[in-house]
Every structure is written in structure tokens, then in C-alpha cells.
Amino acid sequence: MAGSTTPKPTPADFPSLDALQQDLPLTVALSGGADSTAMLVACATRWPGRVFAVHVHHGLQQAADSFEAHCVTLCAHHHVPLVVQRVHAAHASGESPEDAARQARYRALADAVKQHWHGQAQHVVLAQHADDQVETLLLALSRGAGLPGLASMPSRLVRDGVTYHRPWLQASGAGLRETLRRLGQAWVEDPTNQDTRYTRNRIRAHVLPVLAATFPAFRDTFARSAAHAAQAQEILQDVAEQDLQTVGDPPHISALQGLSVARQSNVLRHWLVRQKQPPSTAQLHALLAQVKACTTRGHHIDIKVGRGFVRRDGAVLRCYNL
């Protein structure tokens, strides 16, 4: 922890948090790493007495207890109430460890916000920064993602009644660490961040340095591209909502056939996501082919989508879960 001889943090030490002013009080998602430590210190310095924190203890590695200890000490020093949520984040068969941990983390954050603070602090601040956004965009590109993936991480997201904010998506991760060093503020390092078996860590270790050498402004330009993709996706979402009202829910096959193939694809994907069965690209293409071929009363449609099926039921399509 910072001693009496170290500089006292001020709001000017950190990237702007002006966008959060209207959402007080706030809950900081505090892992104990450099980024979330910087966020906790920045918020507590700017809004003393109006900040809370949640630490999610995954229990997946021996260092987890030291993460918790750091968060307890940090929050006590800055007079920030802290809740520690313990979760079981082991992944199921066929599920990636990263996805399992992320889903468990969101559930734990939502549970903490709803169960504590007497209904306050329904806005949760996440500390992802520009490097995290670039890594997310590169992962999406490597998977051939569409606009939702290329939009990367939104600066604001409402999920399960909780609003999440990422105010530092254009901030430098290296800059945050340099500020913490200057202030004499310690943080904990997650050992898994050095494990290059994880694709994100390989990008961080091998790809970002090359990008920095070749395209020095890549953090800004990549963030701009992600923002353009997010804006375009919002427009497609609006179009899908309008088209779903036209074709109906469940969708009428003849009404679908009256749309262009691009709008059929857009509205069907939107409908299936609402049914909690997001399709793969191959599944959606197969469904579009069947909709096009459905010109007779006896034409059969039975397509696997997500973890369910889409089947023809008379004049409409219906989605069935497994």
C-alpha cells in the first residue's frame, strides 16, 4: 500500500470518469489486478463515500486468496465497502474455461449488487482498457465474426437488471500501470496472464508489440473501427425489430420470402437470439436455403440451430429447445 511519503492520488492522475458522474453511487468490479486497482483508486478518490466494490473469488488457483487479501486491504485503506463473492467457475464439457469464468463473474456481480447496498450502486464499473478492446477485436476477426463480434466490448451494457460501464476503453493499460507505480500503489499479478496456452495471452505477448511497432496509433484506430461496427449493428438491430413485426413471431415463411436474403438473415438471427438459440453461420445459411426452397405445402424444415431446432409448423417457423 502507498505510504505517507508517496504521492496522494488525485482525479487528474487517471483517465476521465466524467461519463459516470450521473450514475452514482457506483460498484467497482475489483479483481485486484492493475486495471481494477487503478479503477478503485480513481473512483474512491473522485467520489469518496459513494463507491462500493465486489471481488469475485473464483477459487481456480492457489493465488486466489492473495487476490482477495489485496482487495480487502485496498478497500479498507480507501474506506470502500467490499463484498467478496465466491463462485464455482469450473467449465463444463465443451465450454471454454474463459467463458465459464466470465459467466460466473457476471452472475456473481449481479447477485452482489442486488443483495447488498440496500438497492444502491446498480451501476457496475469494469476496468477494461484499450489493449483489452484490441484483443477482443482481434479474437473476433480470427473467428470470422460478424458485426456483433467486431463491435467488441460496449462501453455500456445492461444485463440482468444491472448496468455495466467500461469508461476506459480508450485508455492505455501501460499508462494505468505507470500511474500506479508513481503513486506507490501495489496490485496483484494473475499468473495465468502469462500462460500462452490462452489465445488472448498470445495476442498480448506476440501480436500487440508488432502492431505497436507497425501501426503506433492502432489502439485508437482499432477502437474507432469497433465503434463503427457497433453503430452499424444498432441499425441492423432496429431493422430486425421492424422486420420481425412484419413477418411475425413466430415468423411466417411467406413473409420471410418477401424480404431480401440479407434481411431474412438479419431478422432470423435476431429472432433466434431472442429464443436463446443463436445460430452459427453454417446453421443460418442452411435455414435460409430451406426457407427459399419452401414452395410447397409438404416441404419439410428441420434445422439444428444453437442447442435446439427450427422446424416448419404449417405456415410458420418454430424454435424448439433440446
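In what follows, residues are counted from 1 in the order of the sequence shown. The shown structure was predicted, so the numbers you read here are calculated from the model rather than taken from an experiment.
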Flag side-chain contact, heavy atom, 4.5 Å: Val28 against Val54
no

Answer yes when Asp160 and Arg107 have at least one side-chain N-carboxylate O distance shorter than 4.0 Å, and no when they do not.
no

Is the backbone N or O of Tyr106 less than 3.5 Å from a side-chain atom of Arg159, with the two atoms forming a donor-acceptor pair by type?
no

Do Arg166 and Pro154 have side-chain heavy atoms sitting under 4.5 Å apart?
yes

Starting from the C-alpha separation in whole Å, work towards a yes-or-no answer on side-chain hydrogen bond (donor to acceptor under 3.5 Å, both in side chains) for Arg204 and Asn201.
CA-CA 5 Å; Arg204 188 175 305 142; Asn201 290 345; 3.1 Å; yes

Donor-acceptor pair between Thr199 and Arg202 side chains, under 3.5 angstrom:
yes

Between Phe218 and Val134, is there a side-chain heavy-atom distance shorter than 4.5 Å?
yes

Using a 6.0 Å cut-off, check whether atom CZ of Phe215 has over 12 heavy atoms from anything other than its own residue.
no

Side chains of Thr196 and His206: do they bring a donor and an acceptor to under 3.5 Å?
no

Does the Gln242 side chain pair with the main chain of Val239, one donor and one acceptor, at a distance under 3.5 Å?
no

Are Leu211 and Ile203 joined in one hydrophobic group, where the rule is that I, L, V, M, F, W and Y side chains link up if heavy atoms are under 4.5 Å apart?
yes

When you measure from the side chain of His78 to the backbone N and O of Val80, does any donor-acceptor pair fall under 3.5 Å?
no

From Arg312 CZ over to Gln290 CD, what is the distance, rounded to the nearest 0.5 angstrom?
10.5 Å

Treating Ile, Leu, Val, Met, Phe, Trp and Tyr as nodes and any side-chain heavy-atom pair under 4.5 angstrom as an edge, say whether Leu176 and Val51 lie in one connected cluster.
yes

How far apart are the C-alpha atoms of Asp23 and Arg156, what are their side-chain angles, what is the distance that settles it, and do they pass the salt bridge (Lys or Arg N to Asp or Glu O under 4.0 Å) test?
CA-CA 12 Å; Asp23 298 312; Arg156 184 178 182 275; 5.8 Å; no

With rounding to the nearest 0.5 angstrom, report the OH to CE distance, Tyr164 to Met153.
15.0 Å

Would you give the length of the straight line joining atom CZ of Arg269 to atom CG of Leu236, rounded to the nearest 0.5 angstrom?
10.5 Å

Closest approach of Ala140 and Gly149, non-hydrogen atoms and distance?
CB-O, 3.4 Å

N/O donor-acceptor pair under 3.5 Å between His55 side chain and Leu30 backbone:
yes

Salt bridge present between Asp18 and Arg46 (N-O < 4.0 angstrom)
yes

Does Leu268 share a hydrophobic cluster with Val305, counting links as ILVMFWY side-chain heavy atoms below 4.5 Å and allowing steps through other members?
yes

Close side-chain approach of Trp187 and Arg177, heavy atoms under 4.5 Å:
yes

For Gln277 and Asn321, run side-chain hydrogen bond (donor to acceptor under 3.5 Å, both in side chains): C-alpha distance rounded to whole Å, both residues' side-chain angles, the deciding distance at 0.1 Å, then the answer.
CA-CA 8 Å; Gln277 298 297 346; Asn321 298 331; 2.8 Å; yes

Counting C-beta onward and ignoring hydrogens, is there a side-chain heavy-atom pair between Pro250 and Asp313 closer than 4.5 Å?
no

Shortest non-hydrogen contact between Pro278 and Val273, atoms and distance
CB-CG2, 4.1 Å

Determine yes or no for a side-chain-to-main-chain donor-acceptor pair under 3.5 angstrom, with Gln257 supplying the side chain and Val291 the backbone.
yes

Under the side chain to side chain contact (heavy atoms under 4.5 Å, CB included) rule, what do Val124 and His165 come out as? Steps first, then yes or no, please.
CA-CA 6 Å; Val124 175; His165 301 265; over 6 Å; no

Heavy-atom donor-acceptor pair, Lys304 side chain to Gly306 backbone, under 3.5 Å
yes

Whether over 12 other heavy atoms sit under 6.0 Å from Gln194 CD
no

If you compare all heavy atoms of Ser36 against all heavy atoms of Ala29, which two are closest, and at what distance to 0.1 Å?
CB-O, 3.5 Å

Gln128 and Asp35: side chain donor to acceptor below 3.5 Å:
no

Taking the side chain as everything from C-beta on, heavy atoms only, tell me whether Leu17 gets closer than 4.5 Å to Pro11.
no

Are Trp168 and Gln170 close enough that a side-chain donor and a side-chain acceptor fall under 3.5 Å?
no

Same apolar cluster: Leu157 and Leu126, side chain cutoff 4.5 Å:
yes

Could you tell me the separation between the NE2 atom of His270 and the CG atom of Leu272, rounded to the nearest 0.5 Å?
10.5 Å

Step by step, would you call Leu26 with Arg50 a side chain to side chain contact (heavy atoms under 4.5 Å, CB included)?
CA-CA 7 Å; Leu26 300 166; Arg50 306 201 70 187; over 6 Å; no

Euclidean distance, Phe14 CZ relative to Met39 CE, rounded to 0.5 Å:
10.0 Å

Would you say Gln275 and Val310 make side-chain contact, with heavy atoms under 4.5 Å?
no

Test log, rule side chain to side chain contact (heavy atoms under 4.5 Å, CB included), inputs Arg86 and Val56:
CA-CA 6 Å; Arg86 295 179 180 270; Val56 180; over 6 Å; no

Within a strict 4.5 Å, meaning less than it, do heavy atoms of the Lys292 and Leu288 side chains meet?
no

Does the pair Gln115 and Val83 meet the rule for a side chain to side chain contact (heavy atoms under 4.5 Å, CB included), with working shown?
CA-CA 10 Å; Gln115 294 170 12; Val83 167; over 6 Å; no

Spell out, as yes or no, whether a donor-acceptor pair under 3.5 Å connects the side chain of Arg311 to the backbone of Leu317.
no

Look only at the side chain of Ser152 and the backbone of Leu150, and say whether a donor-acceptor pair between them is shorter than 3.5 Å.
yes

Counting neighbours of CD on Gln21 that are heavy atoms of other residues, nucleotides or ligands and sit closer than 6.0 Å, is the number greater than 12?
yes

His57 to Ala64 - nearest heavy-atom pair and separation
CE1-CB, 3.5 Å

Just how far is it from atom SG of Cys43 to atom CZ of Phe52, taken to the nearest 0.5 Å?
12.5 Å

Starting from Leu24, can I reach Val41 by hopping between I/L/V/M/F/W/Y residues whose side chains sit under 4.5 Å apart?
yes

Check: Gln133 side chain, Ala223 main-chain N or O, donor-acceptor pair, under 3.5 Å:
no

Which heavy atom of Leu256 sits nearest a heavy atom of Pro251, and at what distance?
CD1-CB, 3.8 Å

Has the side chain of Glu135 got a donor or acceptor atom that lies under 3.5 Å from a matching backbone atom of Arg200?
no

Could you report the tightest heavy-atom contact between Glu189 and Phe67, atom names first, then the distance?
O-CE2, 3.9 Å

